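Proteins get letters first, then strands, A, B, ... in listed order; numbering begins at 1 in each. These figures come from a predicted structure and were not determined experimentally.
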Protein chains: 2
Amino acid sequence: MDEHGACGPHDHAHDGPVAPGPARTADLVARAERLAQDRGLQFTALRRRTLEVVAEEGRPLGAYDIAERLSAPGKRVAAVSVYRALDFLTEHGLVHRIASRNAFVPCEHGHGAGESAVFLICRRCGSVDETISTEIERSLDRTLAQAGFKPASRIVEIEGECEACQGRHEASLPPD
Amino acid sequence: MDEHGACGPHDHAHDGPVAPGPARTADLVARAERLAQDRGLQFTALRRRTLEVVAEEGRPLGAYDIAERLSAPGKRVAAVSVYRALDFLTEHGLVHRIASRNAFVPCEHGHGAGESAVFLICRRCGSVDETISTEIERSLDRTLAQAGFKPASRIVEIEGECEACQGRHEASLPPD
DNA sequence: CCCTGGCTGTTACAGTGTAACGATCTCTGT
DNA sequence: ACAGAGATCGTTACACTGTAACAGCCAGGG
């Protein structure tokens with residue numbers, strides 16, 4: 001593996017449920033271009049456009065949704081092409097796959113694909129917040145070591161209600 | 001399937017990568033019957049047979065695989081029926097769904113459906129080990145509380161190599 | 001007896017993902 | 001510039017996953 005020096009000074013914190021969108025998009029694309037440069041990869045137009053679509057959305061997008069957004073009248077993009085682009089992007093830590101939703105979100109942090117992220121998925125508004133917790137990582141590592149299990153990839157997805165939706169919820173409904 | 005004799009006594013809470021099979025099956029069915037008695041639920045023949053098939057396998061099974069195993073020449077069981085049975089079984093904590101595989105495994109512990117389990121999925125042999133770690137749960141809870149996120153269900157799935165397969169592997173390949 | 005509610009069977013369909021093949025493009029070495 | 005190797009992309013076809021809708025069946029209660 002190689003360097004991911006681009007990662008900001010996060011400790012485990014997070015900047016909010018979902019990033020601003022357009023700003024984050026440019027950021028991600030820039031990261032992708034640097035990464036392609038460094039590793040001699042091809043950051044093609046399709047891959048860039050796929051990344052842009054995912055980054056703009058701020059909500060998990062299915063491969064077919066992405067294909068639809070990439071298609072124009074007369075220029076159809078097939079889902080299979082999107083899958084290949086997504087394979088590339090996930091492999092290099094630019095997007096994440098949300099297994100419980102069969103959908104994809106932009107990577108909010110600079111960590112690599114093998115790193116452990118925690119996804120908080122809101123049932124109400126559908127937003128996904130990606131956080132990193134060294135504490136969780138360490139307890140996970142400890143459990144894995146105890147079981148003699150050698151991890152390759154980790155999936156931690158929590159479904160529930162985000163903070164904002166709880167507020168909206170309480171105002172209009174009686175407490176449980 | 002063969003026995004995992006290589007898996008000696010562990011100090012933490014799991015009995016081995018996968019349970020013996022037939023023994024665990026009877027155990028699970030008994031638990032289901034007690035549970036149905038207590039809560040006034042119908043543990044029907046289809047549900048019982050579905051649970052048995054999943055429990056026997058010791059490996060995650062897709063809904064269509066289960067349907068195939070339940071079918072006999074002249075008596076086909078449709079996948080949709082299996083899905084309904086699986087809904088019942090997961091809802092009452094008798095089986096778990098492995099999101100990253102779209103497949104189902106028997107619940108190895110007596111915990112409820114809302115509890116947090118960690119699944120160790122071996123890429124090589126396909127076995128799934130279910131473990132519980134209060135340490136992981138607590139660090140997860142802490143992170144969730146910090147984010148103001150109210151969890152409803154948790155998915156923790158680690159893909160990699162189980163202990164037994166690492167042993168088999170090292171013998172034939174050079175170390176990293 | 002009828003009615004209600006839950007379970008199952010059946011069909012149909014929407015959504016997710018991959019295999020295979022050929023065309024196109026890029027990057028090399030000559 | 002040219003040819004060859006390898007990656008990318010378009011296209012078709014197909015397998016797998018999951019749900020909606022409706023009809024038949026079976027048990028329990030008025």
Side-chain angles (χ1 to χ4, degrees), chain A residues 32-33 35-37 39-51 53-54 59-92 94-105 126 155 157 159, chain B residues 32-33 35-37 39-51 53-54 59-92 94-105 126 155 157 159:
Chain A
E33 275 165 352
L35 190 142
Q37 192 78 10
R39 305 191 199 176
L41 304 170
Q42 304 188 30
F43 187 50
T44 64
L46 178 65
R47 290 170 178 174
R48 184 174 45 72
R49 289 197 296 148
T50 301
L51 179 58
V53 166
V54 173
R59 210 165 44 81
L61 270 184
Y64 282 71
D65 294 329
I66 298 171
E68 200 173 338
R69 275 173 175 67
L70 287 179
S71 296
K75 178 66 182 166
R76 200 179 77 88
V77 174
V80 61
S81 298
V82 175
Y83 276 111
R84 289 190 284 228
L86 288 170
D87 282 345
F88 174 89
L89 296 172
T90 55
E91 194 168 336
H92 297 97
L94 296 164
V95 311
H96 292 290
R97 181 187 149 81
I98 306 294
S100 60
R101 293 288 179 106
N102 296 325
F104 299 82
V105 293
I155 297 173
E157 297 174 11
E159 203 173 301
Chain B
E33 275 165 352
L35 189 144
Q37 193 77 11
R39 305 191 200 176
L41 304 171
Q42 303 188 32
F43 188 50
T44 65
L46 178 65
R47 289 169 179 175
R48 184 173 44 71
R49 289 197 297 149
T50 300
L51 180 56
V53 166
V54 173
R59 209 166 45 81
L61 269 184
Y64 281 70
D65 293 328
I66 298 171
E68 200 173 337
R69 276 172 174 67
L70 288 178
S71 295
K75 177 65 182 166
R76 200 179 78 88
V77 174
V80 60
S81 297
V82 174
Y83 275 110
R84 289 190 283 229
L86 287 170
D87 283 344
F88 174 90
L89 295 172
T90 55
E91 194 168 335
H92 296 98
L94 296 164
V95 311
H96 292 291
R97 181 186 149 81
I98 306 295
S100 60
R101 295 286 180 108
N102 297 324
F104 299 82
V105 294
I155 297 173
E157 298 173 10
E159 202 173 300

Discussion item. Could you tell me how far apart A:Asp65 (CG) and C:dG17 (P) are, to the nearest whole angstrom?
Written reply: 11 Å
Worksheet item: Between atom CG in A:Leu86 and atom C1' in C:dG17, what is the gap in whole Å?
Response: 12 Å
Item to complete: Scan B:Arg97 against the nucleic acid and name what it touches under 4.0 Å (heavy atoms): base, sugar-phosphate only, or nothing.
Response: sugar-phosphate
Practice prompt. Rounded to the nearest angstrom, tell me the gap between atom OH in A:Tyr83 and atom P in C:dA19.
Written response: 13 Å
Fill in: Integer-rounded Å distance: D:dC9 C1' and A:Asp87 CG
14 Å
Practice prompt. Find the distance A:Asn102:CG to D:dA15:P and express it as a whole number of Å.
Written response: 20 Å
Item to complete: Give the intermediate values and the outcome of side-chain contact (heavy atoms from CB on, under 4.5 Å) for residues B:Tyr83 and B:Phe88.
Response: CA-CA 9 Å; B:Tyr83 275 110; B:Phe88 174 90; over 6 Å; no
Worksheet item: Is atom CD of B:Glu68 surrounded by more than 12 heavy atoms (other residues, nucleotides or ligands) closer than 6.0 Å?
Response: no
Worksheet entry | Whole-Å gap separating P (D:dA27) and CZ (B:Phe43) | 18 Å
Worksheet, complete the sentence: Quick tally for nucleotides 3-13 of chain C: nucleotides whose base has a protein heavy atom under 4.0 Å get B, sugar-phosphate-only ones S, the rest -, giving ---SSBBBB--
Worksheet entry | Distance, rounded to the nearest Å, where B:Leu61 contributes CG and D:dC16 contributes C1' | 14 Å
Worksheet item: What is the distance, rounded to the nearest whole Å, between atom CD1 of A:Ile66 and atom P of C:dG15?
Response: 15 Å
Worksheet item: Atom CG in B:Leu51, atom CZ in B:Phe43: separation rounded to 0.5 Å?
Response: 5.0 Å
Practice prompt. Check for a donor-acceptor pair, side chain of A:Arg69 on one end and backbone N or O of A:Val53 on the other, with a separation under 3.5 Å.
Written response: no
Worksheet item: Shortest non-hydrogen contact from A:Val77 to A:Arg49?
Response: CG2-NH2, 4.3 Å
Discussion item. Is it the case that the side chain of A:Glu157 and the backbone of A:Ile98 share a donor-acceptor pair, with hydrogens and angles ignored and the cut-off at 3.5 Å?
Written reply: no
